[in-house]
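Have a look at the structure below before the remarks.
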Amino acid sequence: MINNNSDFFNQVFQVVRLIPQGRVTSYGAIANYLGAKSSARLVGYAMNASHSQQEHVPAHRVVNRNGQLTGKHHFANPHLMKDLLEKEDIAVDKDAIVNFKNYFWDPSIELVL
DNA sequence: TGGGTGACCATAG
DNA sequence: ACTATGGCCACCC
């Protein structure tokens, strides 16, 4: 059992790691899955610390509600997020995912299965 | 201890 | 349709 002070962070990281390749989700969806009480801001804040994790956290698969790559600027390089997404056959145009709704992966729905 | 901050979201004007 | 604002709550100094 992982006993860390940042349980919330671990929860977020865990969910993000569960995102299948070629799929994306939103901060709000993760917050909703962890509990409506959790604000989406905390998810974004957790992602900010994701780089500190040794295990690879596919943060590029997490975008905002509009499908925009708002967090791209926080990657090693601004173009890295887009590059990683395109590598997973996800089209990105103007920092936004094309057919975002089509790639959307909601943990509160998918994980229930 | 307290206050500021944040890779967001929803609502109101 | 677009812009502005409040709320949300864990983390850091």
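Every chain is numbered from 1, with letters handed out A, B, ... down the list of sequences.
A heavy-atom distance below 4.0 Å to DNA chain B is reached by none of the residues of residues 83-100 of chain A.
Applying the side-chain hydrogen bond (donor to acceptor under 3.5 Å, both in side chains) definition to pairs two or more places apart or across chains, none involves residues 41-54 of chain A. Among residue pairs with one or both ends in residues 69-79 of chain A, those qualifying as side-chain hydrogen bond (donor to acceptor under 3.5 Å, both in side chains) are A:Lys72-A:Asp95; sequence neighbours excluded.
We find that CZ of A:Phe8 is positioned 14 Å from P of C:dC8, with the value rounded to whole Å. The separation between A:Phe13 atom CZ and C:dA10 atom P is 15 Å, rounded to whole Å.
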Inset, instruction - If a protein heavy atom is under 4.0 Å from the base, mark B; if only from the sugar-phosphate, S; if neither, -; do that for nucleotides 6-13 of chain B going 5' to 3'. - result: BBBS----
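Under the rule for a ring pair (Phe, Tyr, Trp, His ring centres under 6.0 Å), the partners of A:Phe104 that lie at least two apart in sequence or sit in another chain are A:Phe100. A search for salt bridge (charged side-chain N to carboxylate O under 4.0 Å, His left out) contacts involving A:Arg17 returns A:Glu55, not counting sequence neighbours. Evaluation of the side-chain contact (heavy atoms from CB on, under 4.5 Å) rule for A:Pro78 yields no partner, not counting sequence neighbours.
Connectivity analysis of hydrophobic side chains (ILVMFWY, heavy atoms under 4.5 Å, direct or indirect) links A:Val98 to nothing; its cluster partners are none.
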Can you give the donor-acceptor pairs under 3.5 Å from side chains of residues 57-67 of chain A to other protein atoms, not counting sequence neighbours?
residue, atom, partner, partner atom, Å
A:His60, NE2, A:Glu88, OE2, 3.1
A:Arg61, NE, A:Glu88, OE1, 3.1
A:Arg61, NE, A:Glu88, OE2, 3.1
A:Arg61, NH1, A:Ile19, O, 2.8
A:Arg61, NH2, A:Glu88, OE2, 2.8
A:Asn64, OD1, A:Asn66, N, 3.2
A:Asn64, OD1, A:Gly67, N, 3.0
A:Asn64, OD1, A:Gln68, N, 2.7
A:Asn64, ND2, A:Gln68, OE1, 3.4

Inset, instruction - Go through the steps for A:Leu18 and A:Trp105 under the test side-chain contact (heavy atoms from CB on, under 4.5 Å), then give the verdict. - result: CA-CA 10 Å; A:Leu18 290 175; A:Trp105 180 86; 4.3 Å; yes
